[in-house]
Participant: 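Submitted below is the structure of interest, expressed as structure tokens.
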Amino acid sequence: MTDALARLRASLRKNGWWRTLTLIPRNILFHLTDFDRKYGTNTGMQAEDDAGLPQEHEGYEGAPPRLFHRIVRSLQIAPSRYAFIDLGSGKGKALLLASHHPFRRVIGVEYNARLNDIATENARLYQHPERKVANIETVCGDAGAYDLPAGDLLIYLFNPFKAAIMERVLANLENAIRTEPREVLVVYQNPTQRKLLDAAPFLEPVTYREYRTKRFRKMPIGRVAVYRSRT
Ligand SMILES: C[S@@+](CC[C@H](N)C(=O)[O-])C[C@H]1O[C@@H](n2cnc3c(N)ncnc32)[C@H](O)[C@@H]1O
């Protein structure tokens, strides 16, 4: 309550009465739908999240829940066939969301030890009635050197790295598929390095789609490219 009053005073000082009044409904909506407030987790962006990390990696940002579920549903797959692997899993938000779908395994690989510890704690804290996968596995390490597990895989990438790391990640994936041919789906959200995946001989493009909000003037909310391993 004191916190709300302090924010109200700050807004009055900065924006004046009229603007503050018009901002109230938006702030109430934000408050009611805030993921971390609802689930007691810590998945939001903080200034210190990217401190001291290699330049080739993209900054931390957690997966947006509605869009994430829309993407998974659009794949029309039987999740139990696949291990879901988030390469660049940050604080584990996509892992928490993936646990709503009955994947064979849910695994995150994150380079930044601090973010990975937060992901492990988030996996423990997250109690959602839709959660179907109890065991979320969090691995601290480089996505380009990760020893991928056996069986069919759904690799999820939410704009985690720039070209240099992506090239290593693709070489690692190609090696895993050659060692054990199987179905691998790659779901690449905000695909800034899409050209590299388009050119990968062991992958075939399945779809490329721009997602928009269903309401609110159909605003663009993300682009997703999906690939499948060539057989
Ligand atoms: C945009 S965030 C995505 C977070 C998560 N996938 C989600 O959707 O909630 C990208 C993450 O990739 C991580 N990352 C960057 N380079 C990496 C690497 N070489 N190996 C593993 N993780 C890396 C960053 O630290 C960051 O946390």
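Every number for a ligand or one of its atoms is a count from 1 in the order of the listing. Numbering starts at 1 and runs along the sequence shown.
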Participant: Among protein heavy atoms, which lies nearest atom 23 (C) of ligand 1, and at what distance?
Facilitator: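 Ranked first by proximity to atom 23 (C) of ligand 1 is Y111 CB, 3.7 Å.
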
Participant: Check contact between Y156 and ligand 1, using heavy atoms of the residue and a distance below 4.0 angstrom.
Facilitator: yes

Participant: At a 4.0 Å threshold, what atoms of ligand 1 neighbour a non-hydrogen atom of G141?
Facilitator: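 Atoms satisfying the 4.0 Å criterion: 20 (N), 21 (C).
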
Participant: So if you build clusters from Ile, Leu, Val, Met, Phe, Trp, Tyr with side-chain heavy-atom gaps below 4.5 Å, do L115 and V169 land together?
Facilitator: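 In one cluster with L115: V169, no.
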
Participant: For ligand 1, which atoms sit closer than 4.0 Å to a heavy atom of G59?
Facilitator: 1 (C), 2 (S), 10 (C)

Participant: Distance from D152 atom CG to E183 atom CD, nearest 0.5 Å?
Facilitator: 6.0 Å

Participant: So, taking the atom named NE2 in H128 and the one named CD in E130, what distance separates them when rounded to the nearest 0.5 Å?
Facilitator: 6.0 Å

Participant: When you compare the side chain of I136 with that of R131, does any pair of heavy atoms fall below 4.5 Å?
Facilitator: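 Side-chain contact under 4.5 Å: yes.
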
Participant: Considering heavy atoms of the protein only, find what lies nearest to atom 19 (N) of ligand 1 and give residue, atom and distance to 0.1 Å.
Facilitator: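 The closest heavy atom on the protein side is D142 OD1, 2.9 Å.
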
Participant: Please report which non-hydrogen protein atom sits nearest to atom 20 (N) of ligand 1, along with the residue it belongs to and the distance in Å to one decimal place.
Facilitator: A143 N, 2.9 Å

Participant: What atoms of ligand 1 come closer than 4.0 angstrom to any heavy atom of L115?
Facilitator: 27 (O)

Participant: Could you list the atoms of ligand 1 found under 4.0 angstrom from a heavy atom of I165?
Facilitator: 16 (N), 19 (N)

Participant: Check if G62 has a non-hydrogen atom at a distance under 4.0 Å from any atom of ligand 1.
Facilitator: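 So G62 counts as touching ligand 1.
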
Participant: Tell me which pairs pass side-chain hydrogen bond (donor to acceptor under 3.5 Å, both in side chains) where either residue lies in residues 142-151, with sequence neighbours left out.
Facilitator: D142-R168

Participant: At a 4.0 Å cut-off, with the gap strictly under it, does some heavy atom of G92 reach an atom of ligand 1?
Facilitator: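 Under 4.0 Å: no for G92.
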
Participant: Would you say the ring centroid of Y156 lies under 6.0 angstrom from that of F68?
Facilitator: yes

Participant: Are the side chains of E121 and N42 in touch, meaning some heavy atoms are under 4.5 Å apart?
Facilitator: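 When only atoms from C-beta onward are counted, N42 and E121 do not touch, as no gap falls below 4.5 Å.
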
Participant: So for G108, does at least one of its heavy atoms come nearer than 4.0 angstrom to any atom of ligand 1?
Facilitator: no

Participant: Identify the protein heavy atom lying closest to atom 17 (C) of ligand 1, giving its residue, its atom name and the separation to 0.1 Å.
Facilitator: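 The answer is F161 CD2, 3.6 Å.
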
Participant: Pull out every atom of ligand 1 sitting under 4.0 Å from any heavy atom of A94, numbered as shown with elements.
Facilitator: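 Listed by number with element: 7 (C), 8 (O), 9 (O).
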
Participant: Taking non-hydrogen atoms only, is T43 closer than 4.0 angstrom to ligand 1 via side chain, backbone, both or neither?
Facilitator: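 T43 to ligand 1: no contact under 4.0 Å from either part.
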
Participant: Looking only at heavy atoms, which two atoms of A123 and L96 are closest? And how far apart?
Facilitator: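 Distance-wise, the nearest heavy atoms are CA-CD2, 3.8 Å.
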
Participant: Nearest to atom 7 (C) of ligand 1, what protein heavy atom do you find, and at what distance?
Facilitator: A63 N, 3.5 Å

Participant: Out of curiosity, L170 CG to I177 CD1, how far, rounded to the nearest 0.5 Å?
Facilitator: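 Those atoms lie 9.5 Å apart.
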
Participant: Side chains of D198 and Y227: do they bring a donor and an acceptor to under 3.5 Å?
Facilitator: yes

Participant: Considering non-hydrogen atoms of the protein only, which is the closest contact for atom 12 (O) of ligand 1, and what is the distance?
Facilitator: G88 CA, 3.2 Å

Participant: List the closest protein heavy-atom neighbour of atom 13 (C) of ligand 1: residue, atom name, distance to the nearest 0.1 Å.
Facilitator: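 Nearest neighbour among protein heavy atoms for atom 13 (C) of ligand 1, to 0.1 Å: E110 OE1, 3.2 Å.
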
Participant: Tell me whether K195 at atom NZ has more than 12 heavy atoms from other residues, nucleotides or ligands lying less than 6.0 Å away.
Facilitator: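 Counting neighbours around NZ of K195, 12 or fewer heavy atoms of other residues, nucleotides or ligands fall under 6.0 Å, so no.
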
Participant: Checking a contact table here: which protein heavy atom is nearest atom 15 (C) of ligand 1, and how many Å away?
Facilitator: H57 ND1, 2.9 Å

Participant: Considering only heavy atoms, does F158 approach ligand 1 within less than 4.0 Å through its side chain, its backbone, both, or neither?
Facilitator: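 Both backbone and side chain.
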
Participant: Under 3.5 Å between any N/O of Y60 and any N/O of ligand 1: does that happen in this structure?
Facilitator: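 No; every N/O pair is 3.5 Å or more apart.
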
Participant: Which atom pair, heavy atoms only, marks the closest approach of E210 to P220?
Facilitator: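 Minimum heavy-atom separation between E210 and P220: OE2-CB, 4.1 Å.
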
